[in-house]
Enquirer: 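Next up is a structure, given as structure tokens.
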Protein chains: 2
Amino acid sequence: MEFKEAKNKFVQTWGALGSQWGINKTMAQIHALLMVSHEPISMEDIMDELQISRGNASMNLRALMDWGIVYKEYKAGERKEFFTAEKDLDELAVKISRERSKREIKPALKILKEVSAIESDGTAAEKHFVDQTTKLYDFVLKADNVLDKITEFKDNWLAKLVVKMIK
Amino acid sequence: MEFKEAKNKFVQTWGALGSQWGINKTMAQIHALLMVSHEPISMEDIMDELQISRGNASMNLRALMDWGIVYKEYKAGERKEFFTAEKDLDELAVKISRERSKREIKPALKILKEVSAIESDGTAAEKHFVDQTTKLYDFVLKADNVLDKITEFKDNWLAKLVVKMIK
DNA sequence: ATAAACTTTCATTTTTTTTTGAAAGTTTAA
DNA sequence: TTAAACTTTCAAAAAAAAATGAAAGTTTAT
């Protein structure tokens, strides 16, 4: 396999993976392209490489910047804008999970808290509802915190983990 | 807020969360409904409660069973089938992550391995590509293993963790 | 102030995904 | 074996999501 073919395969795969996880295909593809590029790319070149329209490129680049995982760059003497991706994978993971937490998990948690707080009349149906939604709230809350913990423990994590667990 | 309203809100929220994570809305809603129900529900009742067609109900129930998070049940004397959801949340998380790993992560890893294995000519572009995809492969592989580890360590996890880390 | 170089916006079109519903299939009971 | 009670399948329809492209907007240079 040669470079161009491999790059294309990677971009396609990353795009497909993205859509399976609720991220639009083009957004994931642009991100893939920028991740494996050693130098900033212009919008023109992105459009060209992915065969997409100017509007599509513009909107998805904006979305990627909103997620904090793609940056705009300016080259001296050049009028147009160039783009780069966050290439540190730990940083990337932290940013993605922060955004997903903020946009999706936190609002869902709020609803879970609300619905689990109803006054149950003592029927089995209502008791089970309250019980299950309460458990779900606790579970999601815990899961939502896991990535923050991982970040926090990133360096010297075992020692810190043990300390945290003991106290 | 009363029971019916709360239940509906929960089902809607769970459905919305599902679609943001690449799971179709109806599938997530059916799952939500079964999760908070204290007794098995028939297809008829699911169709009725979610206002969906028979075909839709049938297909999404099958999908949920394929994921291993919804079970068919038979009631004595009743001809029709009833459905229940896995209600243990740890079990649920394990099953979902196993499936997503099998269906999405593992195939992606295979491609990542392939594309990172190209023979780089020495240009900066190709060197960066190989370097970045290799890192990504390692990262995804590690992340993919995290949930297995969590399962494994579920009981008495700190002790086991320390042992594992030391040896 | 004008125009060139570039980016963003958004109504419309296209594509993709999901849903429907009726026909075909299956199981059980008599 | 027949028919009633139920489930599955899948082509067609509907709905939802994404992409287009041209007009509007912005910035920079002269």
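Scope of the values below: all heavy atoms of this structure, side chains included, with no hydrogens, waters or symmetry mates. Chain identifiers are assigned alphabetically (A, B, ...) following the order of the sequence lines, protein sequences preceding nucleic acid strands; residue numbering begins at 1 within each chain.
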Enquirer: Starting at CG of Asn56(A) and ending at C1' of dT14(C), how long is that distance when rounded to a whole Å?
Expert: 12 Å

Enquirer: Identify whether the distance between the nearest side-chain nitrogen and carboxylate oxygen of Glu44(A) and Lys80(A) falls below 4.0 Å.
Expert: no

Enquirer: Assign Glu81(A) to base, sugar-phosphate, or nothing according to its heavy-atom contacts below 4.0 angstrom with the strands shown.
Expert: sugar-phosphate

Enquirer: Take atom CD of Glu73(A) and atom P of dT7(C), then tell me their distance rounded to the nearest Å.
Expert: 14 Å

Enquirer: Between Asp138(B) and Lys142(B), does any NZ, NE, NH1 or NH2 come within less than 4.0 Å of an OD or OE carboxylate oxygen?
Expert: no

Enquirer: Where the side chain of Ser53(A) is defined as all heavy atoms beyond and including C-beta, which of dG21(C), dG21(D), dT9(D) is the nearest nucleotide?
Expert: dG21(D)

Enquirer: Would you state whether a donor and an acceptor, one from the side chain of Arg54(B) and one from the base of dT7(D), lie under 3.5 Å apart?
Expert: no

Enquirer: Ignoring hydrogens, what is the shortest heavy-atom contact between Lys95(A) and Gly68(A)? Give both atom names and the distance.
Expert: CD-O, 3.0 Å

Enquirer: DNA chain D: Lys80(B) or Ser19(B), which has the more 5' nearest nucleotide?
Expert: Lys80(B)

Enquirer: Between Lys25(A) and Glu44(A), which residue's closest nucleotide on DNA chain C lies nearer the 5′ terminus?
Expert: Glu44(A)

Enquirer: If you only use heavy atoms from C-beta on, which nucleotide in dT20(C), dT8(D), dT20(D) is closest to the side chain of Lys72(B)?
Expert: dT8(D)

Enquirer: Whole angstrom is fine here: how far is it from CG in Leu64(A) over to P in dT8(C)?
Expert: 13 Å

Enquirer: Taking 4.0 Å as the cut-off, does a side-chain nitrogen or oxygen of Asn24(B) come that near to OP1 or OP2 on dT19(C)?
Expert: yes

Enquirer: What is the ring orientation for Phe129(A) with Phe3(B), classed by angle as parallel under 30°, tilted 30 to 60°, or perpendicular over 60°?
Expert: perpendicular

Enquirer: Does Arg79(B) get its side chain close enough to the base of dA29(C), under 3.5 Å, for a donor-acceptor pair?
Expert: no

Enquirer: Measure CG/Leu61(A) against P/dA18(D) and give the value in whole Å, please.
Expert: 16 Å

Enquirer: Return no unless some side-chain N or O of Thr26(A) is found under 4.0 Å from OP1 or OP2 of dA19(D).
Expert: yes

Enquirer: On the side chain of Arg62(A), is there an atom forming a donor-acceptor pair with the base of dT8(C) - under 3.5 Å, no angle test?
Expert: no

